[in-house]
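First the proteins, then the strands, lettered A, B, ... as listed; each starts at 1. Just so you know, these numbers come straight off a predicted model, no measurement behind them.
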Amino acid sequence: MKIQAVKGTRDFYPQEMRLRNWIMDAWRRVSIRNGFEEYDGPIFEYLDLFAAKSGPEIASQLFNFTDRGGRNLAIRPEITPTLARMVNAKINSLPRPIKWFSMPRLCRAENPQKGRLREFFQWNIDVIGENSVLADAECIYVCVDAMRELGLTKDDVQIRIGSRAVTTEFLKLIGVPDEKLDSILPVLDKRAKVPDEAFVEMAKNAGLDDKQIKHICEFQDLPAADAVKEYMIQHALVTGGGVVPGVGELQQLEEILAVFGIRDYWAIDFKVVRGLAYYTGIVYEVFDKGQSMRALAGGGRYDNLLEVLGGPKVGACGFGMGDVVLGIMLEEKGKIPKDLIEQRLDFFVINPDSARPKDGQDSNQVANNAIAGGRRVIEMVTQLRSRGVATDFDYSCFGMPLGKQLKEANRRGAAKAVIIQPDGQTVSIKDLSTGSQKDGVPIKDFLENPGRAS
RNA sequence: GUGGAUGUAGCUCAAUUGGUUAGAGCAUCGGGUUGUGGUCCCGAGGGUUGCGGGUUCGAUUCCCGUCAUCCACCCCA
């Protein structure tokens, strides 16, 4: 009976694992140098935890099950609810701001397609307990920092920043009643993703009239916070001296991001609204600047989520970045370093004493020498390994010719071969990439500093 | 959940109008060059042609069904 991997899942053979580790090491490095601490939670939670955040219909997209005690559980499709639960549990004792990151394995029961699988990893950066726009700015900076770390430049990606506060205020000013806001925001999120006619159709179905739709389109095409205020005054939606909620905050964000030194990486784009209901302020998505308009990360401010999950009202913001689209993009753009697939071993230890007797040699003597040489190989290997140096040897070293062992050393991607001379006192160090060899190195000297051997 | 495309060795692909024992490269394994590798030479293993049925003297090839994968839609945390 042959069973294959479940669709939408991936097997990480060593080659794929190296890429995965390379990405995740970069995520962790960037997180830590930006002052974030790592956390994780269980891979499954009560179904209600996810339903509370996103509604009961979400269950169809979850892998859920009932345990033997009758509990309704689900494998996590995202980690933010877990984060909120964990923070809520200790909210009164955690020093703020809480700057945490995680790289959870997540599952969603959807049909796989390009860039979307049923199991994946997602890097999450969150700042909890800080209402200042500085926190939003820092998250965006961390995101850019990660892009750079992975070799993606301003020519490869761009962060598009919108504001739910500004958008909501604009909708109110053009006459959209409060109770309709929740159903209209997801429609605005579609603007850049569907053809114009389809967008107009959706907007009409949501209860907007032609004039409102025209206003919305013009608003969504505005390039900056300043332009919003001008547009509102120009169309007599506000008077000159009034304060428009959200606009000042967005202006601050623009200024702070400039101070962070990442001006080339972002643009204001009110077409970015995000589909989720719980976003409350600044929202953003990272796009591939090339061919497609696919998003490889997204996030924003969610000031109500902890309260929804039974905690106090505490401000929070953050973003998530999946490994699947990122991996595809890095591959397509040739950003994956070549040496990921090479040089796994520092040393490969070799016994030059073959068990094959040459003409006129005593076969017993030759065999004994080969065994003695093999023992020296293992002794040397353990010495090097105990010093933390990646070292291996050929299982056939108790008698196979030197050439075979060198072939194996090369095949295993070793940087250097260590040939233990029959005198038992010295070694020859051969650099397998250049072919140069240094003979007569005393074993004692070599072991004192294996890294310096050449 | 819907639609389209594709299923031959581990991978990439061959196989004449439907016609012997389904081939090749790479990869894997073994051997050779008798103390110096990668880049040389020889050999081997590996396929119920996704699965099931039908047409036919004969099916990898034609037809039907089914399963799987990929792509797109729906949805997007």
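As the counterpart of B:A15, no nucleotide is assigned, since no Watson-Crick or G-U wobble pattern has both distances under 3.5 Å. Under the Watson-Crick or G-U wobble criterion, with both distances below 3.5 Å, B:U8 has no partner in any strand shown. When both distances must be under 3.5 Å, the Watson-Crick or G-U wobble mate of B:U33 does not exist. Base pairing annotation: B:A72 forms a Watson-Crick or G-U wobble pair with B:U2, both donor-acceptor distances under 3.5 Å. Partner assigned to B:U55 is none, using Watson-Crick or G-U wobble distances below 3.5 angstrom. With a cut-off of 3.5 Å on both pairing distances, B:U39 has no Watson-Crick or G-U wobble partner at all. The partner of B:A44 is B:U28, by the rule that a Watson-Crick or G-U pair needs both atom distances under 3.5 Å.
Spacing between atom CD of A:E285 and atom P of B:C76 amounts to 12 Å, rounded to whole angstrom units. Taking atom CZ on A:F319 and atom P on B:C76, their separation rounds to 22 Å, with Å as the unit. Atoms CG (A:N111) and P (B:C75) sit 14 Å apart, rounded to a whole Å. Distance A:F348 CZ to B:G37 P: 15 Å, rounded to the nearest Å. With rounding to whole Å, A:E110 atom CD is found 16 Å from B:U2 atom P. Taking atom CD of A:E408 as the reference point, atom C1' of B:G30 lies 14 Å away to the nearest angstrom. One interatomic measurement links the two molecules: CD of A:E78 to P of B:C75, which rounds to 18 Å at whole-angstrom precision. Rounded to an integer number of Å, the gap from A:Q437 CD to B:G35 C1' is 10 Å.
With both ends at atom C1', the span from B:C13 to B:U6 equals 14 Å, rounded to whole Å. On the P atoms, B:C75 is 43 Å away from B:A15, given to the nearest whole Å. Nucleotides B:U61 and B:A22 have their C1' atoms positioned 12 Å apart, rounded to a whole Å. Nucleotides B:C51 and B:A59, compared at atom C1', are 16 Å apart to the nearest Å. Rounded to whole Å, the separation between the C1' atoms of B:G46 and B:U28 comes to 9 Å. Comparing the same atom, P, in B:G25 and in B:G7 gives a spacing of 23 Å after rounding to whole Å. For the P atoms, the distance linking B:C62 with B:U17 amounts to 12 Å, nearest Å. To the nearest whole angstrom, the two C1' atoms, one in B:C64 and one in B:U55, are 11 Å apart.
The side chain of A:D353 lies closest to B:G35 when the candidates are B:G35, B:C74, B:G1. Closest to the A:L406 side chain, of the nucleotides B:G37, B:A72, B:G1, is B:G37. The nucleotide whose nearest atom lies closest to any side-chain atom of A:P352 is, among B:G35, B:C76, B:U2, B:G35. For A:K114, the listed nucleotide lying nearest its side chain is B:A72; candidates were B:C76, B:G35, B:A72. When distances are taken from the side chain of A:K430 to each of B:U36, B:G35, B:A72, the shortest belongs to B:U36.
With 3.5 Å as the limit, one finds no donor-acceptor pair spanning the side chains of A:N72 and A:N64.
A sub-4.0 Å separation between OP1 or OP2 of B:C76 and a side-chain N or O of A:Q61 is absent. Between A:R411 and B:C29, a side-chain N or O to OP1/OP2 separation shorter than 4.0 Å is present.
Here A:W27 and A:F101 keep their ring centres 6.0 angstrom or further from each other. A:F170 has its ring centre no less than 6.0 Å from the ring centre of A:F270. Between A:F347 and A:F446, a ring centre-to-centre spacing shorter than 6.0 Å is recorded.
At the heavy-atom level, A:I419 lies under 4.0 Å from base atoms of the strands shown. Residue contacts shown for A:G435 include a base, since a base heavy atom lies under 4.0 Å away. Residue A:K407 is classed as a base contact, given a heavy-atom separation below 4.0 Å to a base. If you check every strand for non-hydrogen atoms under 4.0 Å, A:P104 touches nothing. Within 4.0 Å (heavy atoms only), A:R108 reaches at least one base atom of the nucleic acid.
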Open item on the list: Run the salt bridge (Lys or Arg N to Asp or Glu O under 4.0 Å) test on A:D221 and A:R191 for me, step by step, so that the C-alpha distance in whole Å, both residues' side-chain angles and the decisive distance to 0.1 Å come before the verdict.
Closed with: CA-CA 10 Å; A:D221 291 333; A:R191 171 79 190 290; 3.2 Å; yes

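Counting heavy atoms of neighbouring residues, nucleotides and ligands inside a 6.0 Å radius, atom NZ of A:K313 exceeds 12 of them.
When each of A:M400 and A:N410 is assigned the nucleotide of RNA chain B with its nearest heavy atom, A:M400 is the one assigned upstream, toward the 5' end. If A:L402 and A:L117 are placed on RNA chain B by their nearest nucleotide, the residue sitting closer to the 5' end is A:L402.
Here OH of A:Y39 is found 7.5 Å from OG1 of A:T82. Values are rounded to the nearest 0.5 Å.
With salt bridges taken as basic N to acidic carboxylate O contacts below 4.0 Å, one links A:D40 and A:R76.
For A:R116 against B:C71, no side-chain N or O and base N or O form a donor-acceptor pair under 3.5 Å. For A:Q405 against B:U36, a side-chain-to-base donor-acceptor contact under 3.5 Å is absent.
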